[in-house]
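What you see below is based on every heavy atom in this structure, not just the backbone, and it leaves out hydrogens, waters and symmetry mates. These numbers were taken from a predicted model, which means no experiment stands behind them.
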Amino acid sequence: MIRLGKHLLGAAMALALVAPAFANAPVTVQGAQFMREGKPYQIISGDLHFQRIPRAYWADRLRKAHAMGLNTITTYVFWNLIEPRPGQFDLSGGNDVAAFVKAAQAEGLNVILRPGPYICGEWDAGGFPAWLFAEPGMRVRSRDPRFLAASERYLQRLGKALAPLMASRGGPIVATELENEYGSYGNDATYLADVRAMLQRAGLADDLLLTYDGPDMLANGTLPGVTAVIDFAPGEATKSFATLDRFRPGTPRMAGEYWAGWFDHWGETHAHTDAKREADELAWMLAQGYSVNIYMVHGGTNVGFMNGANFQGNPSDHYAPTTTSYDYDAALDESGRPTAKYALFRDAIARATGHAPAAVPASPPVRTLPAFALRDAASLWDNLPAPQVSDMPRPMEAYGQAYGYILYRTTVRGPFRGALYLGDVRDYAVVYVDRKASGTADRRLKQVSIDVDLPPGDHTLDVLVENTGRVNYGPHLDDGRAGLVDPVMLGGDILHGWQVFPLPMTSPEAIRGWTTAHVEGPAFHRGTVTVDTPGDTFLDTRALGKGFVWLNQTNLGRTWSIGPQHDLYAPAPWFHRGQNTVVAFDLDTRDAPVLRGVDRRLWADPPARP
């Protein structure tokens, strides 16, 4: 073991940060130190998830992360985007992880790879593909042979793309995470060993392997011979590292996730954290010689329907879906602009390393767009696909659907006044009787039924369900089914004989029945905006209720008037020069809603719950 005085160690690490000969050398462990080519090496990293960022902006975000003083980028890989259907892989465009890793290398950055199978990340189902939950009784994060086989297939495909880019082969990937925070979920060391073996067979474990856990969960989530790093919030560095020291004395000290920010839930207050406190704690950790990964250096966007949700196991907790924005109060905001936190972190890193970072690249201004109305409308009722027939409603995945909305329809007879029981709705349902809205059931509020009043005779009962984001963390992760998962009961009678209409909302192209007349109920709304020079903007969505927005062919994400998010990030690469089409889907009746592009975020605290 090499022993150096604190100041000499800092100097050696500073040299290691800038020495170009180390660009493709592996990072190893020697006693309590990370080493590179025989010298102590301090990993100064930040999480930045390539699938949350337009590919055209990868280089910009990486360059700014490097200019903040980072020498490493950490990234998740979202399995559900890589393998949208069993055995069908998509590593193109924004999923091209190999291209992202090479882009990081071109910027002089190492990469820490977090491939899963499970990643959490406030992403739908923690990155698990929806089709896993179509398997009856499937147990994720377990030794269920079906889950292990699916994970093996995914990691093998990922290995074909990434194994040549491991540092031991001259690439920039210096470390791979083994699962993610498994100690907060279970304690099956045999399962962790299975995942390690899969990573080894895929060629992704030839360099450092890391486990990430909260300090109190280390005993559950670690394996002998695998370097353990710890995740914690600001203010917890001293006690967290002391816990790691007691658990694994004489091993490297690293904050795997230093939560320098936080995420937002719909219906809750926008997160804003203490940048000065975080910068001071970052400086303290670096001065001790500890390695650090800042979570997040740049958050990005939960594009489309990809946001996850949190739901713990205690009785007082509730389902809490994450917003479209994953700004995270990070050093680089959602549009990639440096914040005050960025400057504080950059100064702290420069002082700790004694190395002046590169100049910060300029950020194009976020532009405004004039108000434009969505004057065309098309009723959802005129855009239903051919139905599938079911005796009783089944979850979305049983119909081959992964995301979006799903409509369940049956006929009921009145007169009846009382409760329509929907069960554990996944996740937000609107009930219509003869196409008239009768009430909603919101999983956030633990609502399982609504009151209906049926006149005599036969009536069409529609239950329109939105999958608002699968749980990404905690004991409810195991059951990722969406839609209706329980029998529907009118009074004491189970309802049978359903038509089911999957509505994945994959493209606006097939929408028909456009009109400028008033449209009642759930509908699509269309308008155009002309752009001379494409630039980033935030679409003001305060005229909308609950739904989502397409810009041309790209789903920008969800809208919900309860806040705290009242805009959608619309990046320049998704605009055309000239005319652009904007289509919004809304559950509520809207007449020609007006949108505009603004150059600032429209965060607002949500109203108090009833």
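Each of Tyr428, Tyr405, Trp560 was scored for a side-chain hydrogen bond (donor to acceptor under 3.5 Å, both in side chains) with Glu466, with one residue passing: Tyr405.
Residues Met505 and Asn555 form no side-chain contact, since every pair of their non-hydrogen atoms from C-beta on lies 4.5 Å or further apart. Two residues are said to be in side-chain contact when any heavy atoms from C-beta on lie closer than 4.5 Å; Thr75 and Leu48 fail this criterion. In this structure, Tyr41 and Ile43 have side chains that are in contact, with non-hydrogen atoms separated by less than 4.5 Å. In this structure, the side chains of Thr324 and Leu568 come closer than 4.5 Å at one or more pairs of heavy atoms. A 4.5 Å side-chain heavy-atom check between Leu62 and Leu109 finds at least one atom pair inside the cut-off. Counting heavy atoms from C-beta outward, Thr176 and Leu210 have side chains that stay 4.5 Å or more apart. Using a 4.5 Å heavy-atom cutoff, the side chains of Val366 and Arg337 are in contact. The side-chain heavy atoms of Thr537 and Tyr569, taken from C-beta on, include no pair separated by under 4.5 Å.
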After noting the C-alpha distance and the side-chain angles of His298 and Lys64, does the key distance pass the side chain to side chain contact (heavy atoms under 4.5 Å, CB included) rule?
CA-CA 10 Å; His298 170 57; Lys64 287 171 178 170; over 6 Å; no
Take Tyr403 and Phe305 through the ring-ring contact (aromatic ring centres under 6.0 Å, His included) test and state the conclusion after the steps.
CA-CA 7 Å; Tyr403 310 103; Phe305 299 134; 7.4 Å; no
Residues Leu556, Leu551; criterion side chain to side chain contact (heavy atoms under 4.5 Å, CB included); working and verdict = CA-CA 7 Å; Leu556 296 180; Leu551 169 59; 3.8 Å; yes
| said: Could you go through Asp317 and Phe311, starting from their C-alpha distance and side-chain angles, then the distance that decides it, and tell me whether this counts as side chain to side chain contact (heavy atoms under 4.5 Å, CB included)? | reply: CA-CA 7 Å; Asp317 194 34; Phe311 196 177; 3.7 Å; yes
So Asp274 and Lys276, salt bridge (Lys or Arg N to Asp or Glu O under 4.0 Å) or not? Walk me through it.
-> CA-CA 6 Å; Asp274 189 334; Lys276 175 64 165 57; over 6 Å; no
Do Phe232 and Phe241 pass the ring-ring contact (aromatic ring centres under 6.0 Å, His included) test, and can you show the C-alpha distance, the side-chain angles, and the key distance before you say yes or no? CA-CA 10 Å; Phe232 55 87; Phe241 280 111; 5.6 Å; yes
Determine, step by step, whether Glu122 and Asn310 satisfy the side chain to side chain contact (heavy atoms under 4.5 Å, CB included) criterion, reporting the C-alpha distance in whole Å, the side-chain angles of both residues, the deciding distance to 0.1 Å, and the verdict. CA-CA 8 Å; Glu122 291 72 57; Asn310 282 276; 4.3 Å; yes
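Looking at Arg55 and Asp96, a side-chain N of the basic residue comes within less than 4.0 Å of a carboxylate O on the acidic one, giving a salt bridge. A salt bridge is defined here as a Lys NZ or Arg NE, NH1 or NH2 lying under 4.0 Å from an Asp or Glu carboxylate O, and Asp567 with Arg542 fails to meet this definition.
Of the possible polar contacts, none joining the Asp231 side chain to the Gly214 backbone as a donor-acceptor pair under 3.5 Å is found. Arg367 contributes a side-chain N or O that, together with a main-chain N or O of Thr533, makes up a donor-acceptor pair within less than 3.5 Å. Of the possible polar contacts, one joining the Asn71 side chain to the Gln42 backbone as a donor-acceptor pair under 3.5 Å is found. Not one N or O on the side chain of Arg596 forms a donor-acceptor pair closer than 3.5 Å with the backbone of Asp540. With Asp427 contributing its side chain and Arg443 its backbone, the two residues share no donor-acceptor pair below 3.5 Å. Formation of a donor-acceptor pair under 3.5 Å by the Ser45 side chain with backbone atoms of Thr72 is found in this model.
To the nearest 0.5 Å, atoms CZ (Phe263) and CG (Asn302) are separated by 10.5 Å. Atom CD1 of Ile44 sits about 7.5 Å away from atom OG of Ser291, to the nearest 0.5 Å. Arg52 CZ to Met306 CE: the interatomic distance, rounded to the nearest 0.5 Å, is 11.0 Å. Note that CD1 of Ile112 and CG of Leu208 are 8.0 Å apart. Values are rounded to the nearest 0.5 Å. Here the OG1-CD1 distance, from Thr323 to Ile562, works out to 10.5 Å after rounding to the nearest 0.5 Å. Once rounded to the nearest 0.5 Å, the distance linking CD of Gln565 with OG1 of Thr541 reads 7.0 Å.
With sequence neighbours excluded, the residues that form a side chain to side chain contact (heavy atoms under 4.5 Å, CB included) with Arg63 are Ala59, Glu107, Pro361. Here Asp245 pairs with Arg253 under the side chain to side chain contact (heavy atoms under 4.5 Å, CB included) rule; sequence neighbours left out.
Classification of the Phe524-Trp550 ring pair by plane angle, with boundaries at 30° and 60°, yields parallel. Below 30°, between 30° and 60°, or above 60°: for Tyr328 and Trp262 the angle between ring planes is between 30° and 60°, a tilted geometry. Below 30°, between 30° and 60°, or above 60°: for Trp284 and Tyr290 the angle between ring planes is above 60°, a perpendicular geometry. Tyr76 and Tyr295 have perpendicular rings, their planes meeting at more than 60° on a 0 to 90° scale where under 30° would count as parallel.
Counting only N and O atoms by type, the side chains of Asp329 and Thr273 include a donor and acceptor under 3.5 Å apart. Side-chain contact of Asn80 with Trp123: a donor-acceptor pair under 3.5 Å is present, judged by distance alone. Residues Asp424 and Tyr319 bring no donor and acceptor atom of their side chains to less than 3.5 Å of each other. Between the side chains of Glu281 and Tyr258, at least one donor-acceptor pair of N or O atoms lies under 3.5 Å. No side-chain donor-acceptor contact under 3.5 Å links Glu179 and Thr211. There is no side-chain donor-acceptor pair under 3.5 Å between Asp327 and Ser325. For the residue pair Glu257/Trp259, the side-chain donor-acceptor check at 3.5 Å is satisfied. Residues Thr528 and Thr581 bring no donor and acceptor atom of their side chains to less than 3.5 Å of each other. A donor and an acceptor atom, one from each side chain of Asn552 and Thr554, are nowhere located under 3.5 Å apart. With hydrogens and angles left out, the side-chain atoms of Asp47 and Asn293 include a donor and acceptor closer than 3.5 Å. Side chains of Asp478 and His476: no donor on one and acceptor on the other come within 3.5 Å. With 3.5 Å as the limit, one finds no donor-acceptor pair spanning the side chains of Thr322 and Asn307.
Listed here is the closest heavy atom pair of Gly183 and Asn220: O-ND2, 3.3 Å. Summarising the geometry of Ala570 relative to Leu539, their closest heavy-atom pair is CB-CG, 4.2 Å, with the distance given to 0.1 Å. Closest non-hydrogen pair, Pro522 versus Phe585, comes out as CB-CZ, 4.1 Å. Minimum heavy-atom separation, Gly474 to Tyr185: O-CE1, 3.6 Å. The two residues Ala309 and Gly469 come nearest to each other via the heavy atoms CB-O, 3.6 Å.
Other residues, nucleotides and ligands contribute more than 12 heavy atoms inside 6.0 Å of the NZ atom of Lys446.
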